[in-house]
**Student:** 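Quick one: structure below, then a few questions.
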Amino acid sequence: MILKLRATATPETVDGMLKQLEEAGVKGQMVQHFNDRLICIDGGQFHQIKAVIDNRAVKSVHPIGQGYKLVSRKFKPNDSVIPVGNRLIGGGHVTLIAGPCAVESETQIMTIAKAVSENGAAILRGGVFKPRTSPYAFQGLGQEGLKYLVEAGRLYNLPVVTEVLDERDFDLVATHVDLIQIGARNMQNFALLKKAGSCQKPIMLKRGPSATIEEFLLAAEYIIAHGNPHVILCERGIKTYEPMTRNTLDISCVPLIKRLSHLPILVDPSHAAGDRGLIKDLSMAAIAAGADGVMIEAHNDPDNALSDGKQSVLPQVLSGILETMCQVKKVLSA
Ligand code: PEP
Ligand code: MN
């Protein structure tokens with residue numbers, strides 16, 4: 001059960017309601033959901049929660065079925081716009097996130113940061129804790145890489161995003177970056193999702209390679225239900241029987257998610273295609289389908305990249321891709 005509170009409800013009243021629930025043996029939590037304050041009630045019999053529901057501070061009552069609630073457009077009809085550093089994601093902006101798959105050295109990330117900033121990127125990406133299929137593949141520079149990434153972002157005035165793989169690194173990453181990535185492989189790492197819910201930094205949640213759209217939205221619901229409404233979704237391709245691309249970009253999930261949810265959605269054509277020759281076309285398709293932007297892997301020397309070189313573009317091509325995406329956007333809004 002979710003109770004939406006009136007704007008006039010005082011903190012004392014809310015505390016009293018939470019205490020009432022606790023005394024009835026029911027778990028209740030105050031959650032800030034954009035401009036609304038909510039009390040999320042976990043289970044409980046009707047007689048145990050009736051007094052709280054009847055409180056005058058309650059504006060509306062929303063029973064929870066099996067599905068998602070807080071991410072849904074039914075619950076919040078207007079599009080959410082998520083601030084990331086000095087940028088906004090959603091609300092009609094076409095966002096380009098770009099940078100290498102992995103931070104490889106201080107020089108490498110500085111060179112790429114300069115080039116992507118000159119070619120229209122709004123946010124700098126760079127993996128420092130890398131989820132690699134093989135334990136023998138480059139695992140990222142860890143904390144040292146994080147330092148280089150943050151320095152590069154500061155130098156070129158770009159907010160930064162990196163992936164966190166492990167709950168134990170979460171606070172370290174959250175303190176230093178502007179946007180925290182939960183990668184495809186961790187989309188259903190519930191401990192990590194809860195941890196992401198307990199912080200106030202925006203989270204970019206990538207769709208699991210085998211996750212349905214409902215599972216994707218429920219994973220986002222975990223983060224919001226645990227207190228952090230600042231979630232950006234990212235479609236990065238799903239596993240199908242098609243071997244010619246690394247994954248299959250599920251373009252239909254973009255308009256579908258726009259219909260079902262108020263959250264912004266980005267597309268990652270790099271991990272979807274695994275082929276730099278497809279990045280521009282897929283980026284155009286993403287914007288045409290209604291995405292709020294794209295995340296593209298870019299490298300100054302893709303053929304010698306320590307990871308995902310095949311799908312990495314040269315930073316110089318980004319400005320052309322961005323321009324084309326903006327043209328597509330313009331046609332859509334005409
Ligand atoms: C990434 O963006 O660095 C990454 C590993 O992507 P994914 O989690 O989508 O595979
Ligand atoms: Mn990669």
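Ligands are counted one by one from 1 in listed order, and the atoms in each one are counted from 1 as well. Along the sequence shown, residues are numbered consecutively beginning with 1.
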**Student:** Do any protein N, O or S atoms sit under 2.8 Å from the Mn ion (ligand 2), and which ones are they?
**Tutor:**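 The answer, once waters are left aside, is C101 SG, H271 NE2, E297 OE2, D308 OD2.
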**Student:** D308 and H299: side-chain donor and acceptor closer than 3.5 Å?
**Tutor:**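 Checked: D308/H299 side chains show no N/O donor-acceptor pair below 3.5 Å.
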**Student:** Would the distance check show the side chain of T162 and the main-chain N or O of G126 forming a donor-acceptor pair, the cut-off being under 3.5 Å?
**Tutor:**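 Here the side-chain-to-backbone pair exists.
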**Student:** Hey, is K76 close enough to D36 for a salt bridge, meaning N to O under 4.0 Å?
**Tutor:**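 No, this pair does not count.
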**Student:** Any salt bridge between E297 and R125, counting N to O under 4.0 Å?
**Tutor:**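 Salt bridge flag = yes for R125 with E297.
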**Student:** May I have every N or O pair linking ligand 1 to the protein at under 3.5 Å, one per line with atom names and distance?
**Tutor:**
from     : atom 1 : to   : atom 2 : distance (Å)
ligand 1 : 2 (O)  : R125 : NH1    : 2.8
ligand 1 : 2 (O)  : Q181 : NE2    : 2.9
ligand 1 : 2 (O)  : K206 : NZ     : 2.8
ligand 1 : 3 (O)  : R125 : NH1    : 3.4
ligand 1 : 3 (O)  : R125 : NH2    : 2.8
ligand 1 : 3 (O)  : K130 : NZ     : 3.0
ligand 1 : 6 (O)  : K206 : NZ     : 2.9
ligand 1 : 8 (O)  : A184 : N      : 2.8
ligand 1 : 9 (O)  : K206 : NZ     : 2.9
ligand 1 : 9 (O)  : R236 : NE     : 2.6
ligand 1 : 10 (O) : R185 : NH1    : 3.1
ligand 1 : 10 (O) : R236 : NH2    : 2.8

**Student:** Does K201, at its NZ atom, have more than 12 non-hydrogen atoms belonging to other residues, nucleotides or ligands within less than 6.0 Å?
**Tutor:**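 Above 12, so yes.
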**Student:** Looking at D292 and K258, is there a salt bridge between them, counting it only when a charged N and a carboxylate O are closer than 4.0 Å?
**Tutor:**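 Yes.
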**Student:** Does any N or O in the side chain of D275 come within less than 3.5 Å of the main-chain N or O of T245, such that one atom is a donor and the other an acceptor?
**Tutor:**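 It does not hold such a pair.
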**Student:** Kindly indicate, with the supporting measurements, whether the criterion side-chain contact (heavy atoms from CB on, under 4.5 Å) is fulfilled by V94 and L322.
**Tutor:** CA-CA 8 Å; V94 174; L322 181 60; 4.3 Å; yes
**Student:** What residue among R207, E242, K239 forms side chain to side chain contact (heavy atoms under 4.5 Å, CB included) with N247?
**Tutor:**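 Of the listed residues R207, E242, K239, the side chain to side chain contact (heavy atoms under 4.5 Å, CB included) partner of N247 is K239.
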